Amino acid sequence: MLKTATELIVESWDLYQKNWRKFLPFIIMFFLPTLILSALGTITLYLEMYLPASSWASNIIILVVFAASMVFAIWVTVALAKTMLDCLLVKPTEWKETFTTSSNLIWPVILTSFLVALIVLGGTLLFIIPGIIFTVWYSFTSYVVIFEGVAGLNALRASKSLVVGRWWPIVWRLAITTVVFGFLNSALAYVLAYLIRLLPLPVFIQSASASALASLVGAVVAPLSAGAALILYQSAKQNPITQPTLPPSVS
């Protein structure tokens, strides 16, 4: 039987508080690209103000850094997922080794995620409901790539096989955990932004600081939502369907 939404939330929190020191390097790495992009954005504003001719070069630099940051974020996400699974299985883990050995999974994850995005977009353009169904079917695709060494269409099929027959129970669990940890993220970001507004700072500095803190909060909360999804994936793997319920139809 799949773990309940409550169990996912409690176990994700328990995983986080017991292993936060192991997750801390990844939290920092999640936040660094945002900090760099924010600094570049500020520099660009000043350059456009005093050196208008340099704006095109600044925009190209920001675009390149943004693309590199996206690839780096995927690398960190893969390494964090492997670390979290090791912690779930009570296996020894060392973040530097995990991070280094995860680089070979970057492009398989990107390729497979691109396929998922195309399929979900196609389903959404046809009608919203197929897009939602596809999103849930392929919600475990990245974990399949990372932990089963399967990529491309085979990863999509493997993810779907874990969902079909219990689509509603899984979408319910994904929705509840997303709402709970999303609310936590928003509440913390709002409180920090409110405190920043109380300081006697220029509006621009307040806005930039609030944005940076919101990104930091997102990085800190990320292992909680990732943990819940990983625990659900493990639960689905350990509890294969015996009496499938009627899945949603896209026809």
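Remember, it's a predicted structure, so these values are computed and weren't measured experimentally. Index from 1, following the sequence.
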What pair of heavy atoms forms the shortest contact from [X] to [Y], and how long is it?
| X | Y | value |
| --- | --- | --- |
| E148 | Y233 | OE2-OH, 2.6 Å |
| A81 | I146 | CB-CD1, 4.1 Å |
| T112 | A155 | CG2-CB, 3.9 Å |
| A5 | W172 | CB-NE1, 4.3 Å |
| A228 | F181 | CB-CE1, 3.9 Å |
| L192 | L213 | CB-CD1, 4.2 Å |

Hey, what do you get for [atom1] ([X]) to [atom2] ([Y]), rounding to the nearest 0.5 Å?
| X | Y | atom1 | atom2 | result |
| --- | --- | --- | --- | --- |
| I28 | L24 | CD1 | CG | 4.0 Å |
| Y143 | L230 | OH | CG | 5.0 Å |
| L216 | L32 | CG | CG | 10.5 Å |
| W75 | S103 | CH2 | OG | 5.0 Å |
| T77 | L105 | OG1 | CG | 12.0 Å |
| R173 | I231 | CZ | CD1 | 13.0 Å |

*asked:* Show, in sequence, the C-alpha distance, side-chain angles and deciding distance for Q234 and E11, and conclude whether the side chain to side chain contact (heavy atoms under 4.5 Å, CB included) test is met.
replied: CA-CA 12 Å; Q234 285 292 100; E11 290 184 22; over 6 Å; no
Linking I/L/V/M/F/W/Y whenever their side-chain heavy atoms sit closer than 4.5 Å, directly or via other members, would [X] and [Y] fall into one cluster?
| X | Y | result |
| --- | --- | --- |
| V179 | L174 | no |
| V76 | L111 | no |
| I129 | I119 | yes |
| F31 | W20 | yes |
| V10 | V221 | no |

Keeping [X] on the side-chain end and [Y] on the backbone end, is there a donor-acceptor pair under 3.5 Å?
| X | Y | value |
| --- | --- | --- |
| T101 | T98 | yes |
| Q206 | L199 | yes |
| R197 | A210 | no |
| S161 | A158 | yes |

- [ ] Could you walk me through whether I132 and W167 pass the side chain to side chain contact (heavy atoms under 4.5 Å, CB included) test, one step at a time?
- [x] CA-CA 11 Å; I132 297 173; W167 190 93; 4.1 Å; yes
Where does the angle between the aromatic ring planes of F99 and F26 fall among parallel (under 30°), tilted (30 to 60°) and perpendicular (over 60°)?
tilted
Exactly one candidate in L184, V191, N185 meets side chain to side chain contact (heavy atoms under 4.5 Å, CB included) with L188; the answer is L184
Between L8 and the options I176, L232, V180, the side chain to side chain contact (heavy atoms under 4.5 Å, CB included) test singles out L232
Does atom CD1 of I128 have more than 12 heavy-atom neighbours from other groups under 6.0 Å away?
no
Kindly list each side-chain donor-acceptor pair under 3.5 angstrom involving residues 84-95, sequence neighbours excluded, with atom names and distances?
from: E94; atom 1: OE1; to: K96; atom 2: N; distance (Å): 3.1
from: E94; atom 1: OE1; to: E97; atom 2: N; distance (Å): 3.0

Would you check if [X] and [Y] make a side-chain contact, meaning some heavy-atom pair closer than 4.5 Å?
| X | Y | value |
| --- | --- | --- |
| T177 | S12 | no |
| F23 | L224 | no |
| L156 | V116 | yes |

Self-check item: Derivation of the side chain to side chain contact (heavy atoms under 4.5 Å, CB included) call for L80 and F30
Solution: CA-CA 10 Å; L80 175 61; F30 272 129; 3.7 Å; yes
Exercise. Let me see the working for V120 and T124 under side chain to side chain contact (heavy atoms under 4.5 Å, CB included), right down to the final yes or no.
Key: CA-CA 6 Å; V120 170; T124 303; 4.0 Å; yes
Inset, instruction - Could you tell me if the ring centre of W137 sits under 6.0 Å from that of F134? - result: yes
